[in-house]
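Okay, structure first, notes after.
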Amino acid sequence: MRRGSNGFREIFSRRISRRRMLTGMGKVGAGIAVIGLSGCAATGQISPAKKLDRLVFATSRDLEALDPHISTSIIDAMSFFPLMYDSLTIMQRDIRPGPNLAASWENPDENTWLFKLRQGVKFHNGEDFDAQTAQFNVQRVLDPQTKSPHFRLVAAVEGVDAPDKYTLRMKTKAPDPILLSRLTDLFIIPKKYVEEKGIAIMKTSPVGSGPYQFVQWRKDEFIEAEKAAGTHFRVPNPPANVFVQRVVPQAASRVALLVTKEADIAWSVPFEDFERIKKDPELDVFVDKVSSSYGEIWMSQLSKPLQDKRVRQAINYAVNKEEIVKSLFQGSIAPIGQPATPACFGYDDKIKAYPYDPKKARDLLAAAGFPNGLEMDLYQTTSGYVKYNEYMQAIANYLSEVGIKTTIRSIPEGFSGWMGRLRKDGSGPPAGLHHASSYCPFLDLSMTYIAYWVTWDEKTGLGNYMYISNPEIDRLTKEAQSTLDQKRRKEALGKISQLVHDEAYALFLFPIPWTWGYNKKKLKALHPRDTRLHAWDVEPA
């Protein structure tokens with residue numbers, strides 16, 4: 001059957017309900033110093049010619065806490081927290097960590113980091129930022145009593161001290177090549193303030209040193225911040241005096257707020273609403289193609305047919321990923337052939353997606369002993385990304401065209417929780433195909449391989465629900481994690497990606513596009529950084 005756009009619609013005959021999207025480095029070596037840049041140059045902040053009185057952003061979920069060391073929110077917190085708080089490093093426009101409260105750093109050895117801190121920074125209550133404050137924050141997150149969900153940010157640190165007022169020294173247990181990326185999410189709170197008032201003060205009257213200061217928070221409704229007094233070193237000219245983040249779980253409601261001009265920006269607008277939005281001369285949409293999130297179908301090695309590489313390759317050849325992205329995502333993204341996107345450090349652009357070749361798929365199946373096809377389960381979570389149900393049904397239909405009959409089974413809980421529960425009770429995940437909504441933790445591919453691809457044991461490979469055990473993946477992953485030499489790391493990660501591609505351990509799909517609708521009468525452009533859109537990443541019209 002010809003697979004033009006009409007052919008796609010022909011095999012994708014069953015209408016599926018729409019779903020909203022949910023939720024996710026510079027070179028540093030021993031003896032190499034990274035000199036910080038100041039202000040806009042360090043972060044790529046836009047310098048607006050105009051300033052808005054008020055900027056309203058409609059998002060899907062609320063923060064869980066105002067204390068940045070306790071909140072477990074991801075998308076929403078990480079878009080709002082940088083307004084109020086600063087971190088030691090910050091994710092720059094190129095989606096690599098750069099200087100922030102840490103103006104520069106060096107590595108006397110591979111296990112030691114010396115950070116020279118920015119001077120003259122004050123918290124919103126007038127308290128000075130210094131090395132003891134930074135040390136206090138790292139130690140608080142490390143402290144088991146804090147029970148911080150962000151412990152992993154500094155888990156590699158075995159010691160931290162302040163040799164002088166503006167020098168912070170961290171000792172790691174082993175080389176940690178992505179420490180700078182981790183520190184972008186470690187937000188700094190004032191030491192003296194919480195010691196005098198008690199840490200509970202952060203629940204109601206949070207204080208940071210960011211370009212905006214806290215005004216009010218109504219749980220599950222909105223949170224508001226206003227421009228802080230003085231000139232912020234990173235954002236000297238913020239685009240709006242007041243920033244409001246409204247909590248609107250339903251995508252249709254977010255679009256409605258945009259259309260009625262009650263919101264200036266709406267997060268995760270459905271593709272099917274693009275035409276409606278663009279009909280309004282004051283509105284427009286933005287699709288971010290540089291996303292670290294992506295979809296793939298894991299192939300459980302508990303399923304005997306999937307132990308054969310030819311079957312796994314046949315599945316990759318069977319699915320017309322180009323037509324799926326063209327029909328469902330308006331061609332805004334390109335298929336991938338590895339468990340990473342161009343936003344991830346270690347991504348290899350020489351590794352291409354498997355082409356659509358149903359004849360080759362059938363030949364491979366026949367060679368593997370399945371000339372008449374086979375049957376297996378295809379598991380999907382009950383919630384997913386934009387167009388999730390649609391592209392899962394399309395995948396099932398493409399597989400059926402080459403003789404692989406799948407039964408789609410919905411997982412009653414999140415994928416990781418479901419798999420973890422099955423593993424904990426000893427039953428293990430069932431055989432078959434499992435959809436995974438994946439991403440590169442801290443935008444580094446080594447973390448992806450550690451989490452999902454290295455051989456499972458009590459300490460590593462905890463997310464390896466495919467039960468893959470490949471000594472070369474294990475060796476190269478360890479190499480990529482044992483040095484600060486970024487060139488060596490990238491080469492090792494590229495070798496893993498090529499191996500994973502050739503072995504076809506998963507059905508590699510495509511990046512998950514992030515979408516925003518915005519009021520172009522008020523905003524000239526949006527410049528998100530992966531999943532995050534900060535208030536200073538917009539240009540007033």
Side-chain angles (χ1 to χ4, degrees), residues 20-24 40 42-48 52 55-61 63 73-83 87 89-98 100 181 184-185 210-212 225 234-235 238-240 243-246 248 251 254-255 258 263-271 273-274 277 283-294 329-330 332-334 341-345 347 385-386 437 439-443 510-520 522-541:
R20 63 184 176 89
M21 181 189 298
L22 300 177
T23 25
C40 305
T43 64
Q45 185 233 340
I46 302 301
S47 295
L52 303 172
L55 183 65
V56 180
F57 182 17
T59 189
S60 64
R61 292 171 302 175
L63 279 67
S73 303
I74 301 178
I75 297 280
D76 308 288
M78 297 313 177
S79 287
F80 192 85
F81 277 170
L83 298 178
S87 49
T89 58
I90 192 170
M91 205 59 71
Q92 301 180 120
R93 187 58 47 75
D94 62 359
I95 319 183
R96 296 289 174 258
N100 202 28
S181 292
T184 63
D185 287 348
Y212 287 83
R234 173 166 45 88
V235 190
F243 180 86
V244 179
Q245 184 164 294
R246 291 188 59 172
V248 188
R254 293 196 296 275
V255 172
L258 182 70
D264 304 309
I265 304 171
W267 179 74
S268 187
V269 298
F271 278 81
D273 286 323
F274 278 19
I277 293 172
L283 303 179
D284 205 348
V285 294
F286 179 82
V287 179
D288 186 10
K289 301 178 183 180
V290 186
S291 169
S292 65
S293 300
Y294 56 93
F329 301 112
Q330 300 184 2
S332 61
I333 50 177
T341 76
C344 307
F345 176 82
Y347 174 83
Y385 291 106
V386 161
S437 303
Y439 76 110
C440 293
F442 306 110
L443 300 176
F510 31 73
I512 303 299
W514 299 94
T515 60
W516 287 267
Y518 67 98
N519 188 324
K520 67 180 181 182
K522 297 177 69 173
L523 300 171
K524 181 180 179 181
L526 309 182
H527 301 275
R529 310 177 192 207
D530 192 33
T531 60
R532 308 177 187 185
L533 180 67
H534 301 135
W536 52 86
D537 289 330
V538 303
E539 289 184 74

I need the minimum non-hydrogen distance between [X] and [Y], along with the two atoms involved.
X    : Y    : result
Q330 : F271 : NE2-O, 3.7 Å
V538 : P239 : CG2-CG, 3.9 Å
A58  : V248 : CB-CG2, 4.2 Å
D264 : L523 : O-CD1, 4.0 Å
L283 : I277 : CB-O, 3.5 Å
S293 : T341 : O-CG2, 3.9 Å

Can you tell me how far [atom2] of [Y] sits from [atom1] of [X], rounded to the nearest 0.5 angstrom?
X    : Y    : atom1 : atom2 : answer
I90  : R234 : CD1   : CZ    : 4.0 Å
Y439 : Y294 : OH    : OH    : 10.0 Å
Y518 : I265 : OH    : CD1   : 10.0 Å
L526 : D537 : CG    : CG    : 9.0 Å

Counting C-beta onward and ignoring hydrogens, is there a side-chain heavy-atom pair between [X] and [Y] closer than 4.5 Å?
X    : Y    : value
F442 : C440 : no
M91  : L443 : yes
Q245 : L83  : no
F80  : F57  : no

With [X] via side chain to side chain contact (heavy atoms under 4.5 Å, CB included) - residues at least two apart:
X    : result
D288 : F286, V290, W514, W516, P528
S87  : N100, F187
A525 : H527, E539

Which residues share a salt bridge (charged side-chain N to carboxylate O under 4.0 Å, His left out) with K520, sequence neighbours left out: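 Result, salt bridge (charged side-chain N to carboxylate O under 4.0 Å, His left out) vs K520: none returned.
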
Donor-acceptor contact present, side-chain T515 to main-chain V287, <3.5 Å: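 Flag not set: sc T515 to bb V287 has no pair under 3.5 Å.
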
R254 side chain to S268 backbone, donor-acceptor under 3.5 Å: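 Checked: pair present.
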
Pairing residues for Y347 by the ring-ring contact (aromatic ring centres under 6.0 Å, His included) criterion, not counting sequence neighbours: none

Results of ring-ring contact (aromatic ring centres under 6.0 Å, His included) for Y212 - residues two or more places apart only: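 Y212: no ring-ring contact (aromatic ring centres under 6.0 Å, His included) contacts found.
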
side-chain contact (heavy atoms from CB on, under 4.5 Å) between F81 and L63, worked out: CA-CA 9 Å; F81 277 170; L63 279 67; 3.2 Å; yes

Worked check of side-chain contact (heavy atoms from CB on, under 4.5 Å) between H534 and V235: CA-CA 11 Å; H534 301 135; V235 190; over 6 Å; no

